[in-house]
Amino acid sequence: MGGTLDGIRVIDMSRVLAGPWAGQLLADYGADVIKIEKPGSGDDTRRWGPPWLEKAERDDSRVAAYFLAANRNKRSITCNLAHPDGGRIVRDLAAVSDVVIENYRVGTMARFGLGAEALRERNPALVYCSISAYGQEGARAKEPGYDAMIQASAGLMSLTGEPAEQGGRPQKVGVAAADIMAGMYAATAILAALTRRQATGRGQTIDVPLFDSQVAWLANQALNYLIGGTVPKRYGTAHPNIVPYQAFATADGHLMLAVGTDAQFAACVECLGIGELAADRRFADNAARVEHRDLLVDLLAARFVTRSSAEWLKRLKSRQVPVGPINDLAAVFAEPSVSERGLVRQLEHSRAGAIPTVANPVRFSETPVEYRYAPPTVGEHTRQVLEDVLGYSAEKIAALADAGAI
């Protein structure tokens with residue numbers, strides 16, 4: 001059985017995380033994703049270690065775990081874009097493909113003759129997705145950008161970390177959230193463009209900036225500012241619009257409470273032995289609880305520290321109060337549900353044998369996600385792709401290698 005995107009070919013010319021994340025999603029859904037890498041070194045993240053998949057200190061073939069996180073289910077070919085024949089290979093591939101993803105500096109692809117307009121001369125149905133720091137147009141278009149600076153400049157860091165009045169400073173999120181969300185926006189935009197193409201027969205160009213994506217997914221915090229007119233501040237683990245919704249210390253650790261309704265609040269305070277608070281007008285609904293946040297949090301905190309995390313988790317869960325432990329990754333991957341749901345899969349790497357990957361969380365009833373390839377070595381599939389997709393002869397491929405084009 002083929003995947004949902006069986007028959008769709010994607011040329012992934014991106015590096016690092018946002019573009020590769022989009023490409024991996026499409027590959028998970030069944031697309032044939034061909035990753036084009038620089039001869040010799042490949043994607044920058046292959047060297048973003050430790051940890052390494054291959055341990056030998058002087059082994060040039062070792063690859064960082066970072067690269068493995070975003071490049072499964074892809075085939076890798078090497079191609080020197082600065083060489084005329086290298087550019088010709090990309091043009092030939094784009095002519096028989098459905099999607100191109102790239103995240104080079106703005107103007108780079110056009111300079112190589114690989115911009116959207118040039119590639120669509122041969123393939124008008126091509127969907128061409130560009131990911132950049134600040135977009136393809138505008139005063140900042142040519143500026144470079146990485147995830148951390150986007151988290152900072154697009155507002156996320158101002159919302160993350162302990163409150164300033166408690167001495168807290170802005171913090172970035174512990175994963176590259178700006179990159180990953182831009183990749184998610186790119187993947188959904190590509191799917192939308194492919195759907196539209198079914199009706200028109202024409203492709204289109206997609207512009208996905210990291211900055212714009214980050215601003216867009218500030219969600220309620222952005223509207224808190226636009227509607228309320230007050231700059232949101234940092235609340236640590238707490239929520240700006242819902243109370244109680246934060247971490248609390250217990251007798252032996254911490255837990256995370258996430259009360260979203262008045263009924264859940266009533267059940268929560270009853271479990272804590274202070275059920276009378278549910279009828280207190282200062283806490284009777286969420287708006288009142290937000291107004292009296294500090295008082296309520298102090299009352300709850302005084303109760304939570306009297307028992308262990310395990311005791312409170314058992315009590316609160318028995319009443320369907322949303323609460324959970326604060327797990328590190330060792331605890332996460334030890335959770336029975338991780339095994340039950342198959343969230344860790346094994347893929348056969350061409351050099352390292354079986355290696356782990358974190359499963360795609362989406363479950364399709366008819367076209368399940370496929371785990372076809374481990375993240376490839378640099379250029380692992382160059383000959384295969386040039387022969388099978390483009391019909392190049394062995395002699396032509398050898399000549400391209402000799403010329404430094406691949």
Side-chain angles (χ1 to χ4, degrees), residues 8-27 31-39 41-46 67 70-71 74-83 86-138 141-147 150 178-194 203-213 378 385 406:
I8 297 295
R9 180 176 294 123
V10 178
I11 307 304
D12 183 357
M13 301 188 67
S14 63
R15 300 97 64 219
V16 187
L17 188 55
W21 197 260
Q24 179 169 269
L25 285 171
L26 300 177
D32 176 19
V33 177
I34 300 170
K35 184 177 180 71
I36 296 181
E37 300 192 71
K38 182 179 180 180
S41 56
D43 191 314
D44 295 341
T45 61
R46 289 182 179 275
F67 174 83
N71 289 284
K74 302 178 185 180
R75 297 192 286 173
S76 169
I77 74 169
T78 53
C79 190
N80 180 0
L81 300 186
H83 192 287
R88 189 171 297 112
I89 290 170
V90 175
R91 285 188 285 275
D92 287 348
L93 284 170
V96 293
S97 297
D98 302 279
V99 178
V100 166
I101 303 172
E102 64 89 15
N103 65 350
Y104 283 81
R105 291 277 291 272
V106 173
T108 300
M109 294 293 279
R111 189 165 64 252
F112 286 134
L114 302 174
E117 292 184 6
L119 296 186
R120 269 204 292 271
E121 288 180 3
R122 291 177 62 184
N123 183 3
L126 185 68
V127 173
Y128 191 103
C129 181
S130 294
I131 301 173
S132 62
Y134 297 101
Q136 300 298 300
E137 298 176 344
K142 294 191 176 181
E143 292 184 28
Y146 281 95
D147 173 89
I150 298 298
D179 273 342
I180 289 173
M181 286 302 297
M184 299 286 281
Y185 276 115
T188 58
I190 288 166
L191 295 176
L194 290 173
Q204 57 183 296
T205 302
I206 301 169
D207 178 9
V208 182
L210 297 181
F211 185 90
D212 297 20
S213 297
V378 179
V385 168
I406 58 176

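Atom set for the values below is all heavy atoms of this structure, side chains included, hydrogens, waters and symmetry mates excluded. Nothing here was measured: the structure is a model prediction, and the numbers come from that model.
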Q. Is there a donor-acceptor pair under 3.5 Å between the side chain of Thr108 and the backbone N or O of Tyr104?
A.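 No: the side chain of Thr108 does not pair with the backbone of Tyr104.
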Q) Is a side-chain N or O of Lys74 found less than 3.5 angstrom from the main chain of Ala70, in a donor-acceptor match? A)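 Checked: pair present.
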Q | Partner of Cys129 by side-chain contact (heavy atoms from CB on, under 4.5 Å), out of Val10, Val208, Asp207, Thr205 | A |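 Checked Val10, Val208, Asp207, Thr205 against Cys129; only one passes side-chain contact (heavy atoms from CB on, under 4.5 Å): Val208.
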Q: For Met181 and Ser213, run side chain to side chain contact (heavy atoms under 4.5 Å, CB included): C-alpha distance rounded to whole Å, both residues' side-chain angles, the deciding distance at 0.1 Å, then the answer.
A: CA-CA 7 Å; Met181 286 302 297; Ser213 297; 5.5 Å; no
Give a yes or no on whether a salt bridge exists between [X] and [Y], defined as a side-chain N under 4.0 angstrom from a carboxylate O.
{"X": "Asp92", "Y": "Arg122", "value": "yes"}
{"X": "Arg105", "Y": "Glu143", "value": "no"}
{"X": "Arg9", "Y": "Asp32", "value": "yes"}

If I compare all heavy atoms of [X] with all of [Y], which pair ends up nearest, and what's the gap?
{"X": "Ile206", "Y": "Ala193", "result": "CD1-CB, 4.0 Å"}
{"X": "Ala178", "Y": "Leu210", "result": "O-CD2, 4.0 Å"}
{"X": "Asn123", "Y": "Ser97", "result": "ND2-O, 2.7 Å"}
{"X": "Val127", "Y": "Leu194", "result": "CG2-CD2, 3.9 Å"}
{"X": "Val106", "Y": "Gly135", "result": "CG2-O, 3.6 Å"}
{"X": "Ala187", "Y": "Ala22", "result": "N-CB, 4.1 Å"}

**Q.** Tyr146 atom OH, neighbour heavy-atom count above 12 within 6.0 Å
**A.**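 No.
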Using the side-chain hydrogen bond (donor to acceptor under 3.5 Å, both in side chains) criterion, which residues pair with [X]? Sequence neighbours excluded.
{"X": "Tyr134", "answer": "Arg140"}
{"X": "Asn103", "answer": "Arg15"}
{"X": "Asp147", "answer": "Gln151"}

[atom2] on [Y] to [atom1] on [X], rounded to 0.5 Å:
{"X": "Ile101", "Y": "Ile11", "atom1": "CD1", "atom2": "CD1", "answer": "10.0 Å"}
{"X": "Ile131", "Y": "Asp179", "atom1": "CD1", "atom2": "CG", "answer": "9.0 Å"}
{"X": "Ile36", "Y": "Leu81", "atom1": "CD1", "atom2": "CG", "answer": "7.0 Å"}
{"X": "Leu126", "Y": "Arg120", "atom1": "CG", "atom2": "CZ", "answer": "6.5 Å"}
{"X": "Cys79", "Y": "Ile406", "atom1": "SG", "atom2": "CD1", "answer": "8.0 Å"}
{"X": "Gln24", "Y": "Asn71", "atom1": "CD", "atom2": "CG", "answer": "6.5 Å"}

Any [X] side-chain heavy atom under 4.5 Å of [Y] side chain:
{"X": "Leu119", "Y": "Val100", "value": "yes"}
{"X": "Leu25", "Y": "Met184", "value": "yes"}
{"X": "Val33", "Y": "Arg75", "value": "no"}
{"X": "Glu102", "Y": "Ser14", "value": "no"}
{"X": "Ile180", "Y": "Leu17", "value": "yes"}
{"X": "Val378", "Y": "Arg46", "value": "yes"}

Q | Lys35/Asp43 under salt bridge (charged side-chain N to carboxylate O under 4.0 Å, His left out): CA gap, chis, key distance, verdict | A | CA-CA 9 Å; Lys35 184 177 180 71; Asp43 191 314; 3.0 Å; yes
Q.
Just by distance, no angles: are the side chains of Glu37 and Thr78 close enough, under 3.5 Å, to form a donor-acceptor pair?
A.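 Per modelled atom types, Glu37 and Thr78 side chains form no pair under 3.5 Å.
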